[in-house]
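Presented below is the structure to which this report refers.
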Amino acid sequence: MLLDNETLFSDNQAITTGTIYSDNIVRFGEGEVDFLPLLVQVVVGFTKAEGLEVKVQTSETEDFTNAVDLASSELKLADLSEGARFPITRLPKGNKGYIRLAYIVSGDTAETDGKITAGVVVE
């Protein structure tokens with residue numbers, strides 16, 4: 001699989017506590033992009049978070065004032081080891097022009113290790 005910098009949401013992004021948004025927002029323009037393959041992968045294993053939920057969000061504006069969730073998936077700590085992939089493997093229908101990822105960390109202890117790389121890939 002190949003990642004492209006133009007469609008990269010997160011590149012070795014540290015995920016610590018609460019809700020963190022992907023470092024990058026990708027502008028696709030309004031229309032369907034639902035068949036593009038998506039990779040959301042743990043590149044450094046998590047050690048403290050109870051779990052991590054990933055949401056694919058879209059908006060008509062780059063500031064995500066009216067963000068809409070298109071898909072979500074959650075993995076528990078036992079499944080957040082290096083190399084783990086979230087089961088969202090394609091961009092879902094409903095693109096409004098801009099897409100980002102939201103990472104929601106569960107648990108009371110701040111994560112100090114976990115990192116994610118995510119983006120549209122060429123298979």
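We number each residue from 1, following the sequence as shown. These numbers come from a predicted model, not from an experiment. Any value given below was found using the heavy atoms of this structure, including those in side chains, with hydrogens, waters and symmetry copies removed.
- Residues L8 and I20 do not share a hydrophobic cluster, clusters being chains of Ile/Leu/Val/Met/Phe/Trp/Tyr side chains in contact below 4.5 Å.
- For the atom pair OH of Y98 and CZ of R27, the computed distance is 4.5 Å after rounding to the nearest 0.5 Å.
- Between G119 and F9, the shortest heavy-atom distance links the atoms CA-CD1, 3.7 Å.
- Between V43 and K115, the closest side-chain pair of non-hydrogen atoms falls below 4.5 Å.
- Enclosure of atom CG in D63 by more than 12 non-hydrogen atoms of other residues, nucleotides or ligands within 6.0 angstrom is indicated.
- Of the residues V42, I15, D79, the one that meets the side chain to side chain contact (heavy atoms under 4.5 Å, CB included) test with L52 is I15.
- Scanning both residues, I99 and T58, for their nearest heavy atoms gives CG1-OG1, 4.0 Å.
- In this structure, OG in S73 is found 12.0 Å from NZ in K55, a value given to the nearest 0.5 Å.
- Across all their heavy atoms, V44 and N12 have their closest contact at CG2-OD1, 4.2 Å.
- Contact detail for T47 and D113: the closest heavy-atom pair is OG1-OD2, 2.6 Å.
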Candidate pair V122 and D4, rule side-chain contact (heavy atoms from CB on, under 4.5 Å), full reasoning: CA-CA 8 Å; V122 176; D4 176 12; 6.0 Å; no
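- By the 6.0 Å and 45° rule, R100 stacks over the aromatic ring of F64.
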side-chain contact (heavy atoms from CB on, under 4.5 Å) evaluation trace for K48 with T112: CA-CA 7 Å; K48 295 180 176 65; T112 56; 3.1 Å; yes
Candidate pair S22 and N24, rule side-chain hydrogen bond (donor to acceptor under 3.5 Å, both in side chains), full reasoning: CA-CA 5 Å; S22 55; N24 301 310; over 6 Å; no
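- Atom CG in N95 sits 9.5 Å away from atom CG in L36 (nearest 0.5 Å).
- Interatomic distance, I104 CD1 to T19 OG1, rounded to the nearest 0.5 Å: 5.0 Å.
- With hydrogens and angles ignored, the 3.5 Å screen pairs no side-chain donor or acceptor of E74 with any backbone N or O of G51.
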Worked check of side-chain contact (heavy atoms from CB on, under 4.5 Å) between T117 and S10: CA-CA 5 Å; T117 292; S10 299; 5.7 Å; no
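- Residues V121 and L2 fail the side-chain proximity criterion, which asks for heavy atoms closer than 4.5 Å.
- Looking at E111, its side chain never comes within 3.5 Å of a backbone N or O of E50 through a donor-acceptor pair.
- Of all heavy-atom pairs between Q41 and G83, the closest is NE2-CA, 3.5 Å.
- For the atom pair R85 CZ and I116 CD1, the distance stands at 12.0 Å (nearest 0.5 Å).
- Under the 4.5 Å side-chain heavy-atom criterion for grouping Ile, Leu, Val, Met, Phe, Trp and Tyr, L39 is not connected to L80 through any hydrophobic cluster.
- Nearest heavy atoms, A67 versus S59: CA-CB, 4.4 Å.
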Step-by-step side-chain contact (heavy atoms from CB on, under 4.5 Å) determination, V26 to F28: CA-CA 6 Å; V26 179; F28 287 102; 3.4 Å; yes
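- Each of L101, I25, D69, V68 was compared with Q57 under the side chain to side chain contact (heavy atoms under 4.5 Å, CB included) criterion, and only D69 meets it.
- When the side chain to side chain contact (heavy atoms under 4.5 Å, CB included) test is applied to L77, the partners found at least two apart in sequence or on another chain are F46.
- Within a 6.0 Å sphere centred on NZ of K96, other residues, nucleotides and ligands contribute 12 heavy atoms or fewer.
- How far CD of E53 is from CZ of F86: 9.0 Å, rounded to the nearest 0.5 Å.
- Side chains of T16 and V105 form no contact here, defined as non-hydrogen atoms less than 4.5 Å apart.
- T17 pairs by the side chain to side chain contact (heavy atoms under 4.5 Å, CB included) definition with A110, not counting sequence neighbours.
- Linking Ile, Leu, Val, Met, Phe, Trp and Tyr residues whenever their side-chain heavy atoms come within less than 4.5 Å leaves Y21 and V54 in two separate clusters.
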